[in-house]
Amino acid sequence: MTTKSLSILGSTGSIGKQSLDVCRKCGYSVKALTAFSSVNEIEKQAREFKPEKVALVDEKAASDLKQRLSDTGIKVLSGIDGVCECAQLESADTVLNSIVGMAGLKPTLSAIRAGKKIALANKETLVAGGQLVMNEAKKYGVDILPVDSEHSAIFQCLQGKPANKALKKIILTASGGPFFSKTADELKNVTVENALKHPNWSMGAKITIDSATMMNKGLELIEAVWLFSVRPQDIDIVIHRESIVHSAVEYDDNSVIAQLGLPDMRIPIQYALTYPERFESPVEELSLSKIGKLTFFEPDYDTFKCINICKNAITKGGLFTAAVNSANEQANLMFRQGKIGFLDIAEKVQEVFECTPYYDEYTFEDVMEIDKFARESVMR
Ligand code: NDP
Ligand code: MG
């Protein structure tokens, strides 16, 4: 079902702003906007898109915004409950979730329970609570359309259908980030500034660091397991420095189908909103002859340890993925704050993985409890 009206959660971030660009281009009506505390940006967005409701998680920022928008008739909400209210708005048919981190889980569940189509950029939602999300989506008959470029590629290669019996494997591509081919020794003293220099994509700070540690690829492996109902061992990760092949699928007859395009998130964002249709895009055309060469390499699993930690976590199941995700959120933040070194991130995530208890099934409250446990362990 093509989107007509939507709520954008995390509208002030990198994906949020690009989603608003797509809305401008496609003429979608924006019914709600949310952010954490970016008052200036959300005020500007609210004045342009005239949504019914906006929400800021931070109470102080929300009360400031309420004053600023008092001449508009736009309802200003606060707290995570305000975000959830925006996710359930009756007038929106789709919720695009571009919140960063597992804070996006509760609003995703709210949107599913309100029967909204979900365009999901917030991969941590599936990593932290994949079982809950997929069960609820099934129960409420809701579609989850991937915004993440690799998952959009896989979705397009599968032609929107769930993985079928003849699918042999998913080939998940990775840029390799700014530290491709570096040794652990060379990574010991890298700075935040070095890690924030992504070669191909301009993204928010958290995911840029996740790309440098390659935790991002581990999170994406888990995301793919949930979205496409495949086993972790059916996903191969391949480094592809140019970020032109966004991922591929291989069938039993060894035929490989890939999706290609320039690295610009507006393509997958737009497709999640227009599926099953396609419309013109402001993104430049891909010229293969201009690109000239596409390269592929095996990842260095010994140096970029986060990939296998994530693979082990999803293989074990339960709350292991939630625990490693939360440990990473905390360690990633502490690295950005200059409190720990680059290689400490993987060490901390591994430590939390090792002391996570096994659960067969879990509730939202269990996820929140393991989140607290993981963050406290990393801070200790
Ligand atoms: P940004 O950091 O640029 O933006 C994050 C957004 O979430 C902002 O609007 C921010 O508000 C809001 N936010 C932050 N913390 C909270 C919270 N606790 N509760 C509610 N809202 C919050 O992130 P990105 O746009 O880069 O990434 C968003 C998601 O998309 C991530 O899950 C990422 O992995 C995924 N993704 C991103 C890609 C990219 O190219 N950027 C590519 C593929 C996936 P405020 O501005 O007020 O802080
Ligand atoms: Mg991605």
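Numbering of ligands and ligand atoms starts at 1, following listing order.
The protein atom (non-hydrogen) at minimum distance from atom 20 (C) of ligand 1 is V57 CG2, 3.5 Å. At the shortest separation from atom 21 (N) of ligand 1 among protein heavy atoms lies I99 CG2, 3.7 Å. Nearest protein heavy-atom contact of atom 33 (C) of ligand 1 is I207 CD1, 3.9 Å. Protein heavy atom in closest approach to atom 14 (C) of ligand 1: V100 CG1, 3.7 Å. When only non-hydrogen protein atoms are considered, atom 9 (O) of ligand 1 lies nearest to T12 OG1, 2.7 Å. Considering only non-hydrogen protein atoms, atom 44 (C) of ligand 1 sits nearest to D148 OD1, 3.6 Å. Scanning all protein heavy atoms for the shortest distance to atom 30 (O) of ligand 1 gives A121 O, 3.4 Å. Protein heavy atom nearest atom 47 (O) of ligand 1, with residue, atom name and distance: S37 N, 2.6 Å.
Each of Q45, K17, E41 was checked for a side chain to side chain donor-acceptor pair (under 3.5 Å) with S11, and the lone residue meeting it is Q45. With V57 as the partner, the side chain to side chain contact (heavy atoms under 4.5 Å, CB included) test is satisfied by one option alone out of V83, T34, I99: V83.
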*Where do R68 and D64 land on the salt bridge (charged side-chain N to carboxylate O under 4.0 Å, His left out) test, with the steps shown first?*
CA-CA 6 Å; R68 294 192 192 197; D64 181 8; 3.3 Å; yes
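Under 4.0 angstrom from ligand 1, the non-hydrogen atoms of K123 come from both its backbone and its side chain.
At under 3.5 Å, a nitrogen or oxygen of F36, whether backbone or side chain, sits near a nitrogen or oxygen of ligand 1.
The number of protein N/O/S atoms found under 2.8 Å from the Mg ion (ligand 2) is 3.
Between R375 and V378 the shortest side-chain heavy-atom distance does not fall below 4.5 Å. By the 4.5 Å heavy-atom criterion applied to side chains, I15 and M265 are counted as neighbours. Taking the side chain as every heavy atom from C-beta outward, V238 and L172 never approach each other to under 4.5 Å. Inter-residue side-chain proximity for C310 and L221 is flagged as unmet; no heavy-atom pair is nearer than 4.5 Å. Counting only heavy atoms from C-beta outward, the side chains of N40 and K44 never approach each other to under 4.5 Å.
For ligand 1, the atoms closer than 4.0 angstrom to any heavy atom of S38 are 45 (P), 46 (O), 47 (O).
Ligand 1 is never approached by V83 to a heavy-atom distance shorter than 4.0 Å. At least one heavy atom of E124 sits less than 4.0 Å from an atom of ligand 1.
Separating the CZ atom in F297 from the CZ atom in R241 is a distance of 8.0 Å, to the nearest 0.5 Å.
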